[in-house]
Amino acid sequence: MHELAITQNIVTVVVNASPQRPIKVITLKIGELSGVQEEAIRFCFPIVSKGTMAEGAQLEIQPVPALLRCRECSLEFHLNEK
């Protein structure tokens with residue numbers, strides 16, 4: 001479960017960027033092809049942030065759809081388009 005390590009790193013970066021103030025909202029953008037599971041991040045976040053300035057922060061996750069391009073015609077399309 002690499003999402004645990006990813007979540008720990010996110011909390012560390014955010015807390016280090018704002019060490020003296022409580023963090024109220026953390027917004028993440030997660031790419032569709034990143035291999036990161038949103039549900040796992042949400043599960044790990046309260047555990048990892050406990051006892052830090054990020055404890056109790058709202059976690060907003062914005063999915064970023066994959067944009068693909070045809071090598072032959074340069075047509076751009078999203079992964080689930082037909």
Side-chain angles (χ1 to χ4, degrees):
M1 177 186 227
H2 68 285
E3 281 84 356
L4 176 60
I6 291 169
T7 308
Q8 287 172 324
N9 288 334
I10 290 166
V11 170
T12 298
V13 168
V14 170
V15 168
N16 287 342
S18 181
Q20 303 301 321
R21 295 183 295 171
I23 293 134
K24 296 180 180 181
V25 179
I26 297 173
T27 303
L28 301 175
K29 292 185 178 186
I30 299 178
E32 182 177 11
L33 298 178
S34 69
V36 175
Q37 298 295 317
E38 177 181 336
E39 299 82 25
I41 297 287
R42 289 192 187 282
F43 177 81
C44 294
F45 181 74
I47 299 164
V48 173
S49 64
K50 188 171 182 150
T52 73
M53 296 302 268
E55 183 174 3
Q58 178 182 346
L59 183 63
E60 295 179 355
I61 298 179
Q62 301 172 352
V64 178
L67 183 62
L68 308 172
R69 180 177 304 158
C70 176
R71 290 183 182 178
E72 292 183 19
C73 70
S74 297
L75 174 72
E76 291 184 341
F77 57 96
H78 291 283
L79 188 61
N80 296 323
E81 291 179 0
K82 295 181 180 179

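Heavy atoms only: backbone and side chains are in, while hydrogens, waters and symmetry mates are out.
Ala66 and Glu32 make their closest contact through N-OE1, 2.7 Å (heavy atoms, listed as atom of the first residue, atom of the second, distance). Minimum interatomic distance between Val25 and Ala57 (heavy atoms only, all atoms of both residues): N-CB, 4.3 Å.
Note on Leu33: it does not cluster hydrophobically with Val64, by side-chain heavy-atom contacts below 4.5 Å among ILVMFWY residues. The same ILVMFWY cluster, assembled from side-chain heavy atoms under 4.5 Å apart, contains both Ile6 and Leu4.
Here the OG atom belonging to Ser18 is positioned 5.0 Å from the CD1 atom belonging to Ile23, to the nearest 0.5 angstrom. To the nearest 0.5 Å, atoms CD (Glu3) and CD1 (Ile41) are separated by 5.5 Å. To the nearest 0.5 Å, atom CD1 of residue Ile26 and atom OG of residue Ser49 are 7.0 Å apart. Taken from SG in Cys44 to CD in Gln37, the straight-line distance is 11.5 Å, to the nearest 0.5 Å. Here the CD1 atom belonging to Ile61 is positioned 8.5 Å from the CD atom belonging to Glu39, to the nearest 0.5 angstrom.
Between Leu28 and Glu60, every side-chain heavy-atom pair lies at or beyond the 4.5 Å cut-off. Val11 is listed as a side-chain neighbour of Phe45, based on a closest heavy-atom distance under 4.5 Å. Put simply, the side chain of Met53 does not reach to within 4.5 Å of the side chain of Val14, judged on heavy atoms. Residues Glu76 and Leu68 are not in side-chain contact: their nearest non-hydrogen atoms beyond the backbone lie 4.5 Å or more apart. Between Ile30 and Gln62, every side-chain heavy-atom pair lies at or beyond the 4.5 Å cut-off.
Salt-bridge formation is not detected for the pair Glu55/Lys50: no Lys NZ or Arg NE/NH1/NH2 atom is positioned less than 4.0 Å from an Asp or Glu carboxylate oxygen.
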